[in-house]
Amino acid sequence: MRTIAIANQKGGCGKTTTAVNIAGALALAGKKVLVVDFDPQAHATIGLGIDPENIGKTVYDSFTNAKLPLSSVIVRTKVDNLSVAPSNILLSGLEFELAPRFGREYALKQLLNTAGNSYDVCVIDCSPSLSLLTLNALVASDEVIIPVQTQYYALEGLKQLLETIDIVRQRFNASLKILGILLTFVEKRTTLSKQVQQQMREFFGNMVFDTVIHRTVRLAEAPSAGLPVLLYAPNCTGSDEYRALAVEITSVSA
């Protein structure tokens with residue numbers, strides 16, 4: 001199973017939108033996809049049409065109950081081939097549960113190993129912080145996608161995340177790759193957006209995906225319908241861009 005973390009400690013960068021829609025695009029292309037919502041805000045759970053307040057078990061329960069494998073909390077979504085290990089606010093207490101454990105950084109990796117044969121791709125939606133939860137996601141992943149909003153403040157946070165990824169490689173997961181930096185909330189008409197895009201491509205080169213995600217109304221509306229934008233508005237710009245991004249991702253070997 002190819003495991004991809006969607007990570008950025010900065011909130012509001014399109015991280016969950018990217019996780020849900022990459023997963024949706026890959027599922028619609030025929031891949032069996034699992035989304036692991038590893039954010040206590042549970043936005044990926046909501047974005048896939050599941051009410052976090054009215055679910056029996058979540059990914060948190062699999063961590064805290066050894067008799068409850070991950071497969072027992074996974075829920076099918078409205079999208080063929082796409083399932084989710086849901087989250088809710090209880091996940092915010094997981095760091096305290098994991099802190100005293102030996103090998104706590106590998107807890108998610110061990111949990112995913114029990115479900116790996118059932119899926120082609122796992123997409124992990126990380127919390128917007130450099131926490132033990134995010135560390136677990138990076139240790140469990142083969143690759144990481146970094147969504148970055150096209151504004152100057154976003155560039156400052158990116159440096160810290162790249163340093164964290166280097167530490168993870170050195171200490172826990174030597175094979176972790178940066179699949180790409182994804183430019184999000186791109187504005188076609190603003191000079192600032194164009195300048196930030198240019199700077200990112202000049203500095204990071206091929207690390208930046210060719211595909212960019214523009215700010216669109218349909219992308220903002222889709223979570224309220226509990227669907228990836230590719231089903232909510234299949235012919236909109238956002239759908240086209242996430243389909244193109246899925247093609248870029250599948251063209252790269254894990």
Side-chain angles (χ1 to χ4, degrees), residues 1-9 11 15-24 26-27 32-101 103-141 144-145 222-228:
M1 179 174 70
R2 182 180 186 181
T3 303
I4 303 171
I6 314 298
N8 192 328
Q9 78 275 17
K15 178 179 57 60
T16 299
T17 297
T18 295
V20 167
N21 287 294
I22 283 177
L26 292 172
K32 294 189 70 176
V33 184
L34 172 66
V35 172
V36 175
D37 190 345
F38 218 45
D39 182 352
Q41 296 177 98
H43 287 171
T45 299
I46 295 167
L48 289 170
I50 297 161
D51 182 355
E53 303 306 319
N54 291 304
I55 47 178
K57 300 294 181 182
T58 68
V59 66
Y60 171 80
D61 295 290
S62 284
F63 276 98
T64 56
N65 184 348
K67 297 181 180 180
L68 199 67
L70 186 65
S71 59
S72 65
V73 308
I74 292 172
V75 180
R76 290 185 179 181
T77 72
K78 301 172 188 176
V79 184
D80 289 342
N81 298 319
L82 179 56
S83 300
V84 59
S87 170
N88 61 22
I89 192 62
L90 290 175
L91 190 64
S92 60
L94 184 60
E95 289 200 54
F96 297 102
E97 300 273 356
L98 291 178
R101 291 192 194 180
R104 57 188 177 271
E105 299 87 359
Y106 299 92
L108 179 58
K109 183 179 181 65
Q110 293 167 354
L111 205 61
L112 288 178
N113 285 341
T114 66
N117 293 331
S118 301
Y119 302 94
D120 300 312
V121 182
C122 173
V123 177
I124 306 174
D125 184 30
C126 298
S127 60
S129 64
L130 294 178
S131 62
L132 183 55
L133 297 184
T134 299
L135 177 58
N136 259 264
L138 294 174
V139 172
S141 296
V144 56
I145 291 174
S224 65
L227 290 169

>> If the condition is side chain to side chain donor-acceptor pair (under 3.5 Å), which residues does E105 pass it with, not counting sequence neighbours?
In response: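 None.
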
> D125: what forms a side chain to side chain donor-acceptor pair (under 3.5 Å) with it, not counting sequence neighbours?
Replying inline: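 Side chain to side chain donor-acceptor pair (under 3.5 Å) list for D125, sorted by chain: K15, T16.
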
[X]: partners by side-chain contact (heavy atoms from CB on, under 4.5 Å), with sequence neighbours left out:
X	result
A222	V229, Y232
T17	N21, L219, Y242
P223	none
K78	L227

>> Using the rule given for side chain to side chain contact (heavy atoms under 4.5 Å, CB included), can you reason through L135 versus V139, listing the C-alpha separation, both sets of side-chain angles and the distance that settles it, and then say yes or no?
In response: CA-CA 6 Å; L135 177 58; V139 172; 4.0 Å; yes

>> According to side chain to side chain donor-acceptor pair (under 3.5 Å), does anything in residues 55-73 pair up with another residue at least two apart or in another chain? List the pairs.
In response: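 Non-adjacent pairs meeting side chain to side chain donor-acceptor pair (under 3.5 Å): T58-D61, Y60-E97.
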
> According to the side chain to side chain donor-acceptor pair (under 3.5 Å) rule, which pairs have a member within residues 132-141, sequence neighbours left out?
Replying inline: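 Residue pairs passing side chain to side chain donor-acceptor pair (under 3.5 Å), neighbours aside: S127-T134.
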
Sequence neighbours excluded, every pair satisfying ring pair (Phe, Tyr, Trp, His ring centres under 6.0 Å) that has a member inside [range]:
range	answer
residues 62-81	F38-F63
residues 67-92	none
residues 66-94	none

> Measuring from L34:CG to T3:OG1, what's the distance to the nearest 0.5 Å?
Replying inline: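 One finds 8.5 Å between CG of L34 and OG1 of T3.
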
> Does the pair V20 and L48 meet the rule for a side chain to side chain contact (heavy atoms under 4.5 Å, CB included), with working shown?
Replying inline: CA-CA 7 Å; V20 167; L48 289 170; 3.8 Å; yes

>> Test side chain to side chain contact (heavy atoms under 4.5 Å, CB included) on L70 and L112; report intermediate values, then the result.
In response: CA-CA 7 Å; L70 186 65; L112 288 178; 3.7 Å; yes

> Looking only at heavy atoms, which two atoms of A7 and V144 are closest? And how far apart?
Replying inline: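 Looking at all heavy atoms of both residues, the closest pair is CB-CG2, 3.9 Å.
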
> Looking only at heavy atoms, what is the nearest atom pair of A27 and V33, with distance?
Replying inline: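 Taking every non-hydrogen atom into account, N-CG2, 3.7 Å.
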
Name the atoms and distances for all side-chain donor-acceptor pairs under 3.5 Å in residues 87-95, with sequence neighbours left out.
unit_1: S87; atom_1: OG; unit_2: D39; atom_2: O; d: 2.9
unit_1: N88; atom_1: OD1; unit_2: L90; atom_2: N; d: 3.0
unit_1: N88; atom_1: ND2; unit_2: P52; atom_2: O; d: 3.3
unit_1: S92; atom_1: OG; unit_2: I89; atom_2: O; d: 2.6
unit_1: E95; atom_1: OE1; unit_2: L132; atom_2: N; d: 3.3

